[in-house]
Amino acid sequence: ASLGAPDIARRSVVRAALRWVASNLPLVVLALLLALLAWLVATEESDPSRSGDYPQPIPVTLTNLPDGMIVVGEFSQRVQVGLRTTSSVWNSLALDDFEVTADLNGLGVGVHEVPVQVTVRKEPVRLLSVEPSEVVVELERYSERVVPVRVKIEGEPPLGYLRRAATLEPLEATVSG
């Protein structure tokens, strides 16, 4: 099959264009880099970056507590996070935008240092620091027992008062922990 005049002309235009791109490749790359630089400068100028510590400590949530275990004492630890983001995102951040967790999965009885995981629900945000990066958690086995309720009367009533027989309700209480 022979090529027609339009096919030959088209191939010649394509070859010329490829030759031009090849001979001017350094200039094309330079132009793209300058355009990227101009875009970055314009973006930074219109919404500058901001770095620092979020002004409020963020509460840590314990997740995946193993079955049959409880946390000893009251757990109310908080962390301070350092961030880098744009000014517009920084100004719109709220405590609800952060999720700070410590995963207790697979831990047994005892005292544990558990790493803290921080997720920020807004973009673009870069996490710079988390203090403390670990929280201390003490775990114990959960147990429950029914015990009888007893009354222990100490001392005598003041003058003019009579002691009567004590009545109890309920007779048993369930203690857990």
Side-chain angles (χ1 to χ4, degrees), residues 21 25-152 154 168-177:
V21 169
L25 188 60
L27 290 176
V28 170
V29 170
L30 180 62
L32 288 173
L33 288 175
L34 288 174
L36 177 64
L37 180 63
W39 177 79
L40 287 172
V41 168
T43 302
E44 182 66 22
E45 193 66 31
S46 67
D47 195 6
S49 294
R50 181 171 171 187
S51 296
D53 287 341
Y54 186 71
Q56 295 176 296
I58 304 164
V60 178
T61 302
L62 300 175
T63 60
N64 299 318
L65 180 65
D67 290 338
M69 302 292 272
I70 60 170
V71 176
V72 176
E74 185 178 324
F75 184 85
S76 60
Q77 290 195 267
R78 295 173 173 264
V79 296
Q80 188 69 49
V81 295
L83 308 167
R84 179 175 176 84
T85 188
T86 60
S87 291
S88 61
V89 170
W90 184 281
N91 293 334
S92 71
L93 284 173
L95 273 178
D96 292 344
D97 296 320
F98 297 90
E99 181 180 14
V100 181
T101 59
D103 187 0
L104 305 179
N105 189 34
L107 298 180
V109 172
V111 177
H112 306 277
E113 290 183 5
V114 184
V116 173
Q117 301 296 320
V118 178
T119 304
V120 185
R121 295 184 184 101
K122 289 204 175 170
E123 290 290 333
V125 175
R126 189 167 137 224
L127 197 60
L128 301 176
S129 64
V130 179
E131 287 297 323
S133 61
E134 295 180 330
V135 291
V136 176
V137 179
E138 184 176 0
L139 299 179
E140 280 186 359
R141 293 209 185 285
Y142 176 82
S143 63
E144 191 172 270
R145 189 181 321 177
V146 176
V147 294
V149 176
R150 295 191 176 122
V151 174
K152 181 179 178 185
E154 293 183 0
L168 296 175
E169 174 124 2
L171 298 175
E172 296 178 326
T174 302
V175 179
S176 63

Nearest-0.5 Å distance that lies between atom [atom1] in [X] and atom [atom2] in [Y]:
X	Y	atom1	atom2	value
Leu25	Leu30	CG	CG	11.0 Å
Ile70	Leu139	CD1	CG	9.0 Å
Gln80	Glu131	CD	CD	9.5 Å

Do Tyr142 and Glu144 have side-chain atoms, one donor and one acceptor, less than 3.5 Å apart?
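Yes, Glu144 and Tyr142 have a side-chain donor paired with an acceptor closer than 3.5 Å.
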
So which heavy atom on [X] is nearest to which on [Y], and how close?
X	Y	value
Gly106	Pro66	N-CG, 4.3 Å
Val136	Phe75	O-CE1, 4.0 Å
Glu134	Pro115	CG-CA, 4.0 Å
Val60	Thr101	CG1-C, 4.2 Å
Glu140	Val72	CG-CG2, 3.3 Å
Leu107	Met69	O-CE, 4.3 Å

Side-chain contact, heavy-atom cut-off 4.5 Å: [X] with [Y]?
X	Y	answer
Val125	Trp90	no
Val81	Val79	yes
Val71	Leu62	yes
Arg50	Asn91	yes
Leu83	Leu127	yes
Val149	Leu171	no

Would a distance-only check, ignoring hydrogens and angles, find a side-chain to backbone donor-acceptor pair under 3.5 Å from Thr85 to Pro124?
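The answer is yes, because a donor-acceptor pair under 3.5 Å joins these two groups.
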
Using modelled atom types and a 3.5 Å cut-off, is there a donor and acceptor pairing between side-chain atoms of Ser92 and backbone atoms of Val89?
yes

So Lys122 and Asp97, salt bridge (Lys or Arg N to Asp or Glu O under 4.0 Å) or not? Walk me through it.
CA-CA 7 Å; Lys122 289 204 175 170; Asp97 296 320; 3.6 Å; yes

Qualifying side chain to side chain donor-acceptor pair (under 3.5 Å) pairs, either residue in residues 51-72, two or more places apart
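Counting only pairs at least two positions apart or across chains, the side chain to side chain donor-acceptor pair (under 3.5 Å) contacts touching residues 51-72 are Ser51-Arg84, Asn64-Asp103.
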
If you count the non-hydrogen atoms of other residues, nucleotides and ligands that lie under 6.0 Å from CZ in Arg126, is the total more than 12?
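No, CZ of Arg126 has 12 or fewer neighbouring heavy atoms, counting only those of other groups under 6.0 Å.
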
